[in-house]
J.: 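Could you have a look at this structure, given as structure tokens, before my questions?
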Amino acid sequence: MDYNFIEIERKWQSWWAEHKTFKAENHSAKPKYYVLDMFPYPSGAGLHVGHPLGYIASDIFSRYKRLKGFNVLHPMGYDAFGLPAEQYAIQTGQHPEKTTRDNVARYREQLDRIGFSYDWDREFRTCDPDYYKWTQWAFLKMFGSWYDKSVDKARPIEELEAAFERGGSAAVDAACSDGPAFTADEWKGFSAREKSDVLMRYRIAYQGESTVNWCPALGTVLANDEVKDGFSERGGHPVIQKKMTQWQLRVSAYAARLLEGLDRLDWTDSLKEMQRNWIGRSQGAEMVFKVECDGVQHDVTIFTTRADTIFGVTFMVLAPESEWVEKLTSAAQKEAVAAYLEEAGKKNERERIAGKAVTGVFSGSYGINPLTGEKVPVWISEYVLAGYGTGAIMAVPAHDSRDYAFARKFNLPIIPLIEGADVSEESFDAKEGIMVNSGFLNGLSVKEAIPAAIDYIEAHGLGRRKINFRIRDAIFSRQRYWGEPFPICFKDGIATPLPFEALPLTLPEVDQYKPTETGEPPLARAKDWTWDGAPLETSTMPGFAGSSAYYLRYMDPRNGEALVSREADEYWRNVDLYIGGTEHATGHLIYSRFWNKFLYDLGYVCEDEPFRKLINQGMIQGRSNFVYLVPGTNKFISLGLKDRYETIPVHVDVNIVRNDRLDLEAFRRWRPEYADAEFVLENGEYICGWAIEKMSKSMYNVVNPDYVCDTYGADTLRLYEMFLGPLEQAKPWSTDGIDGVNRFLKKLWRMFWDREKWLVTDEAPTPAELKTLHKLIGKEQEDIENFSFNTTVSAFMIALNELQGCSKRAILEPILILLSPFAPHITEELWHQLGHEDSITWASFPEYKEELTVENSVTYPVSFNGKTRFTMDFAADASRETIEKAVRESAQTARYVGAQSIVKVIVVPGRIVNVVLK
RNA sequence: GCCCUGGUGGCGGAAUGGUAGACGCGCUGGACUCAAAAUCCAGUAUCCCUUAAAGAUGUGCGGGUUCGAGUCCCGCCCGGGGCACCA
């Protein structure tokens, strides 16, 4: 019998499906383990070999955990709302639902071929109304909640109204947008419209005006994480800053908890660091500067992290968008300021970043340094951001490089405050040194001076300690069709939530998927897009809405009454292992944590962090191949000879190259223009050049997993992707070496079969064979737990080499179990051939016996200077010569260390390998 | 600029502070074969050298700690990723 992987893989894939082998029950006596992949967006291009890397790793771990006796939840689904399907719809008129369904079907087919152990009964798409009902539900809950800072959690909005009733806005300490304070009586006197406006400033999902990223080409707003360097992440279109009223999520209210929660997570340092940067906590002080403008006094609050440098303030700066600008512009400067604002407003974000030009204008007003009483001019400049802190700063050019550049440009004074700091060429930004020119702070180090300055400021009522976060609220509406509709209508212009019974509010049909002529979102095209006579919201939710709580839905995917039942939630709790790429560090992984914490506050889920352990699989890059064309001819030169000709490199499809050798016939067939290509060969072969590039169609380096499954089988693909290198490291795909793992599987097969002859016997294994087996068991266990899958595969190869010719059931059976997470098909087949009825999935991981793996060794006492000083362990086969030499050398070593402290020296032929000290 | 990462043969990559280069690919030679494929066996860091033995040199660079450093410490260089007028 031959190793016919095509037949074997097909057979077991359908067997698993029929027997629902991987169905997870929500009740079990076994301990639970939840393994999740970041679900894919089903694009039209299908999967390439890079996609399954993380899926294979998580599948191996799932199967391993099952062998270890866990009840494993390992689900899969699709993040199906999104831009590409919509843009395809705009071009072709095809409904995104249809495109999505087709793409999902193709993904499913490709995934099925790799033999994943998903519980497909739990599959869903985020665009299924049964699913997005719960996305809409969560939104309504956020709409109906506010954030109480005094207890640090979200609470129902009714409780806020009650508090206003009792004591007005002063009665609560809430995370909210800016607005005027009011008393209980004023609240009671407000109209319905006014009350609604006030509450909107407090809601966790709220509508508010802010500067947003507007992408004209896409016709929609984007969240901060969807913009990279001033261009949209999807499509790469320019993005501009625009003030607009949009739905937003008050993520900023959770900033401190999102930051603090990271300490309890088993994530990589780099990913935690990315989130920390994104959240951007900074500790400092708010200080009030009196500012006089045309004889009128104002109190302007600034934020600084360097309160110690207050004696070096030589000017103040306002952000152009700051509301202070209008109040603090003097009559004399009005024109100049207006001109500056207009100029600044024209620039888009990209130019602002790229230019980094120092620009600004004098406002005409002067502030008073609260400590020195000194008068300093107030300037306006775009280097100060309106959205951070208070939108106003005190400038200390001697110790802040941005202030320094500004001071130089506009000739403002620079006062150094740190002993020995030379500020003639550049500012001294470091937080070290001894303070000078700083009144009561003189003589303190910077680290002492910062708290001392803040203490002084607080004691004199000039300001207070303050922690600022960089993270902004998430813009939650998109002017697009293919997303969740908002369950919100506008009754008399007041945003009103739809009742729960109205969910899911399904997407209406529209005749076209693009915005209307007047620039309204596509949903404005829908007929009768109203609820109870009131117009419905026409924007839809962003992509991250559907992916923020999907891990909860897998626990209980068909529940019509709740996102997840309390029972299911309390059983599965949260994700034990989450595998996916780093690209979601500041998007999905922040939003999910926020969303989960919100649901936790309201008591819908029992864990406040969704993903306990997270592993980032590295990206698989493409390995492109080149042929070298002599321009103007049809002649191609092999790599080693190309320098003898004038050539240009041309990308060649990697699928017709093996081990950098070009398949000449396939090349001639590849393109009509190459049909009569000529080749200059070396040693009868055409050697291609290569380069590591992103895997993409245009570079002809895309490798489809189907191709690998056809030629080598899914088991080879799985093993090979793991063998390629460490899971978390980015690495190029190359098919070089795939033969090696394929050979390994064939070798395994031949331990069972010699052509038609069944080889397995019930003979008892030798000690050496047992030693090999137990070495393998120990190594497997350790490496899998550490996600070191590449060395695990190596360990199998070593074991098989050592066990050559051994066809004993007592050895082969445990090996099949060990290997089954990696190569489930071949092991399942051989397992059944050994006479088992049940799936290998339900076998137990073999028990590890350490005593069977200890190296044979002989212990000798070593004496010198007439005394036995220590013992040495030698390999059993070490020669007399070796031993004598080792003793001589170790005696020298012993003198260095002091012989008494040596307990033993382990020696293998030739050299001392281990000196064990007491 | 700041923060993560990583740097080891021809290639992918192994190495709790203890024989550097496991395992695989590739390459060389051999066996089997009419021949090839498949399979199996042996060799394969560099230098010196006909070869071997024996040396010497070797983990980006320069120092240090240690009986002993790819691994730990200090200072650089280079690649990959993230953040960035965030006061």
Side-chain angles (χ1 to χ4, degrees), chain A residues 2 228-229 268-278 280-282 284 302-306 309 316-317 319 352-353 355-358 381-385 387-396 399-403 405-406 429 468-472 582-583 585-586 616 618-619 621 623 659-661 690 692 719-720 723-726 728-744 746-747 750 782 788 790-801 804 875 889-890 892-898 902 905-917:
Chain A
D2 283 336
K228 288 260 141 73
D229 301 325
T268 59
D269 289 339
S270 65
L271 200 100
K272 286 187 187 179
E273 204 54 36
M274 270 190 235
Q275 290 214 341
R276 289 197 186 103
N277 285 340
W278 190 258
R281 180 183 193 271
S282 85
I302 58 95
F303 175 74
T304 181
T305 53
R306 294 294 302 273
T309 60
M316 294 172 69
V317 189
R352 261 175 93 149
I353 294 168
K356 276 206 179 175
V358 180
S381 170
E382 43 183 14
Y383 86 86
V384 174
L385 305 177
Y388 183 75
T390 61
I393 63 155
M394 65 178 210
V396 186
H399 302 291
D400 181 290
S401 49
R402 296 153 302 179
D403 297 345
F406 195 82
D429 290 19
N468 264 329
F469 291 97
R470 192 179 307 185
I471 192 168
R472 309 289 156 87
T582 15
E583 65 271 22
T586 53
N616 298 116
M619 212 209 328
Q621 297 144 313
R623 187 177 187 279
N659 293 336
D660 290 338
R661 269 49 171 186
W690 58 272
I692 304 302
L719 277 168
Y720 186 58
F723 188 63
L724 220 43
E728 307 193 50
Q729 186 178 302
K731 56 212 161 234
W733 174 265
S734 97
T735 35
D736 299 354
I738 198 164
D739 291 311
V741 286
N742 191 240
R743 249 168 240 161
F744 160 77
K746 287 192 228 166
K747 208 181 272 183
R750 283 199 309 271
E782 195 187 321
S788 175
N790 53 331
T791 54
T792 321
V793 178
S794 298
F796 279 116
M797 294 177 172
I798 295 168
L800 243 57
N801 283 340
Q804 212 165 49
E889 282 180 8
S890 57
Q892 277 172 16
T893 306
R895 258 178 226 117
Y896 281 119
V897 182
I902 295 184
V905 180
I906 296 174
V907 175
V908 278
R911 200 171 300 197
I912 303 166
V913 292
N914 202 5
V915 180
V916 181
L917 306 180

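Note that these values count all heavy atoms, side chains included, but never hydrogens, waters or copies made by symmetry. The sequence lines fix the lettering, A, B, ..., with proteins before strands; numbering per chain opens at 1. Predicted, not measured: the structure shown is a model, and the values here were computed from it.
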J.: Using the side-chain contact (heavy atoms from CB on, under 4.5 Å) criterion, which residues pair with A:Glu728? Sequence neighbours excluded.
T.: A:Thr268, A:Ile615
J.: Quick one: closest heavy-atom pair of A:Thr305 and A:Ser282, and the distance?
T.: CG2-OG, 3.9 Å
J.: If pairs are Watson-Crick or G-U with both distances under 3.5 Å, what is the dot-bracket string of RNA chain B, marking crossing pairs with [ ] and pairs to another strand with |?
T.: (((((((..(((.....[....)))((((((.......))))))(((.......)))..(((((..]....))))))))))))....
J.: Taking only N and O in the side chain of A:Ser282, is any of them less than 4.0 Å away from OP1 or OP2 of B:A87?
T.: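 Checking A:Ser282 against B:A87: at least one side-chain N or O falls below 4.0 Å of OP1 or OP2.
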J.: If you pin A:Ala795 and A:Met274 to their nearest nucleotides in RNA chain B, which one's is more 5'?
T.: A:Ala795
J.: Can you find a heavy atom in the side chain of A:Arg306 that is under 4.5 Å from one in the side chain of A:Val396?
T.: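 In short, these two side chains do not touch, never coming nearer than 4.5 Å.
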J.: Between atom CG in A:Asp739 and atom C1' in B:G12, what is the gap in whole Å?
T.: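 In whole Å, B:G12 C1' and A:Asp739 CG are 14 Å from each other.
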J.: Write down the distance between CD1 (A:Ile798) and P (B:G24), rounded to a whole number of angstrom.
T.: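 Rounded to whole Å, this separation is 7 Å.
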J.: Side-chain donor-acceptor pair under 3.5 Å between A:Ser401 and A:Asp429, yes or no?
T.: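 Looking only at side-chain atoms, A:Asp429 and A:Ser401 do form a donor-acceptor pair, the distance falling under 3.5 Å.
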J.: What does A:Arg281 touch in the nucleic acid at a heavy-atom separation under 4.0 angstrom: a base, only the sugar-phosphate, or nothing?
T.: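 Nothing, no heavy atom under 4.0 Å.
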J.: Is there a side-chain contact between A:Asn790 and the phosphate of B:A14, meaning an N or O under 4.0 Å from OP1 or OP2?
T.: yes
J.: Describe the nucleic acid contact of A:Ser270 in one word from base, sugar-phosphate, nothing, applying a heavy-atom distance below 4.0 Å.
T.: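 The residue A:Ser270 makes sugar-phosphate contact but no base contact.
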J.: Rounded to the nearest Å, what distance is computed from the CG atom of residue A:Leu719 to the C1' atom of nucleotide B:G12?
T.: 16 Å
J.: To the nearest Å, how far apart are A:Lys731 NZ and B:G6 C1'?
T.: 13 Å
J.: From OH of A:Tyr388 over to P of B:A87, roughly how many Å is that when rounded to an integer?
T.: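 Roughly 4 Å, once rounded to whole Å.
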J.: B:U16 and B:C27: how far apart are their P atoms, nearest whole angstrom?
T.: 31 Å
J.: Quick one: are A:Asn801 and A:Lys747 in side-chain contact, heavy atoms under 4.5 Å?
T.: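 They are in contact (side-chain heavy atoms under 4.5 Å apart), so the answer is yes.
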J.: A:Leu724 CG to B:G12 P: how many Å, rounded?
T.: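 Atom-to-atom, A:Leu724 to B:G12, this comes out as 11 Å.
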J.: On a whole-Å scale, what distance lies between the C1' atoms belonging to B:U8 and B:A15?
T.: 10 Å
J.: Taking atom P in both B:G26 and B:A35, what distance in whole Å separates the two?
T.: 23 Å
J.: In whole angstrom, give me the gap between the C1' atoms of B:G81 and B:G10.
T.: 28 Å
J.: Identify the heavy atoms of A:Asn277 and A:Arg470 that sit nearest to each other, and give their distance.
T.: O-NH1, 3.9 Å
J.: Reckon A:Gln729 has a side-chain N or O less than 4.0 Å from the OP1 or OP2 of B:G13?
T.: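 Indeed, a polar side-chain atom of A:Gln729 lies that close.
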J.: Can you figure out which of B:A15, B:G13, B:A87 approaches the side chain of A:Pro726 most closely?
T.: B:G13
J.: Considering only atom P, compute the distance from B:U59 to B:U46 and round it to an integer number of Å.
T.: 15 Å
J.: Is A:Tyr383 near enough to B:A87 that one of its side-chain N or O atoms lies under 4.0 angstrom from OP1 or OP2?
T.: no
J.: Evaluate A:Tyr720 against A:Trp733 for side chain to side chain contact (heavy atoms under 4.5 Å, CB included), listing each step before the verdict.
T.: CA-CA 10 Å; A:Tyr720 186 58; A:Trp733 174 265; 3.6 Å; yes
J.: For the side chain of A:Asp400, counting heavy atoms from C-beta on, which of B:A87, B:A14, B:A84 is nearest?
T.: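 That would be B:A87.
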J.: Remember a base hit wins even if backbone is also touched, and classify A:Ile393 as base, sugar-phosphate or nothing at under 4.0 Å, heavy atoms.
T.: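 Base contact.
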J.: Please determine, by modelled atom types, if A:Tyr383 and A:Asp403 share a side-chain donor-acceptor pair under 3.5 angstrom.
T.: yes
J.: Between A:Val741 and A:Gly391, which is nearer to the 5' end of RNA chain B once each is assigned its nearest nucleotide?
T.: A:Val741
J.: Please give, in whole Å, the distance from B:A14 C1' to A:Glu782 CD?
T.: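 Spelled out: CD on A:Glu782 to C1' on B:A14 is 14 Å.
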J.: Please classify B:G9 as syn or anti, treating any glycosidic angle within 90° of 0 as syn.
T.: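 Nucleotide B:G9 adopts syn.
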J.: Fit a plane to each ring of A:Tyr388 and A:Phe303, take the angle between them on a 0 to 90° scale, and name the class: parallel (under 30°), tilted (30 to 60°) or perpendicular (over 60°).
T.: perpendicular
J.: By nearest atom, which of the nucleotides B:U5, B:G12, B:G82 is closest to the A:Asn277 side chain?
T.: B:G82
J.: May I ask you to say what A:Asp429 touches in the nucleic acid, namely base, sugar-phosphate or nothing, with a heavy-atom cut-off under 4.0 Å?
T.: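 No contact.
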J.: Provide the distance between the two P atoms, one in B:G55 and one in B:U65, to the nearest whole Å.
T.: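 Comparing P positions in B:G55 and B:U65 gives a spacing of 28 Å.
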J.: Show me the protein contacts with nucleotides 39-45 of chain B, counting only N or O atoms at under 3.5 Å.
T.:
unit_1	atom_1	unit_2	atom_2	d
B:U39	O3'	A:Arg750	NH2	3.0
B:C40	OP1	A:Arg750	NH2	3.1
B:C41	OP1	A:Gln804	OE1	3.1
B:C41	OP1	A:Gln804	NE2	3.2

J.: Expressed in whole Å, how much space separates the P atoms belonging to B:A69 and B:A56?
T.: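 After rounding to an integer number of Å, I get 16 Å for this pair.
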J.: Pick base, sugar-phosphate or nothing for A:Pro732, based on heavy-atom distances below 4.0 Å to the nucleic acid.
T.: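 Nothing: the residue A:Pro732, judged by heavy atoms under 4.0 Å, touches no strand.
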J.: In whole angstrom, give the distance that lies between atom CG of A:Asp403 and atom C1' of B:G1.
T.: 16 Å
J.: Testing A:Ile302, A:Asp400, A:Val317 for side chain to side chain contact (heavy atoms under 4.5 Å, CB included) with A:Met394, which one passes?
T.: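 Answer to the side chain to side chain contact (heavy atoms under 4.5 Å, CB included) test with A:Met394 among A:Ile302, A:Asp400, A:Val317: A:Ile302.
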J.: Please determine whether a side-chain nitrogen or oxygen atom of A:Asn801 lies at a distance below 4.0 Å from atom OP1 or OP2 of B:G24.
T.: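 Affirmative; the distance criterion is met.
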J.: Do you know the tightest heavy-atom contact between A:Val384 and A:Ala392?
T.: CG1-N, 4.3 Å
J.: What closest approach, in Å, do A:Ala585 and A:Leu271 show between heavy atoms, and which atom pair accounts for it?
T.: CB-CD1, 3.8 Å
J.: Taking atom P in both B:G70 and B:G9, what distance in whole Å separates the two?
T.: 14 Å
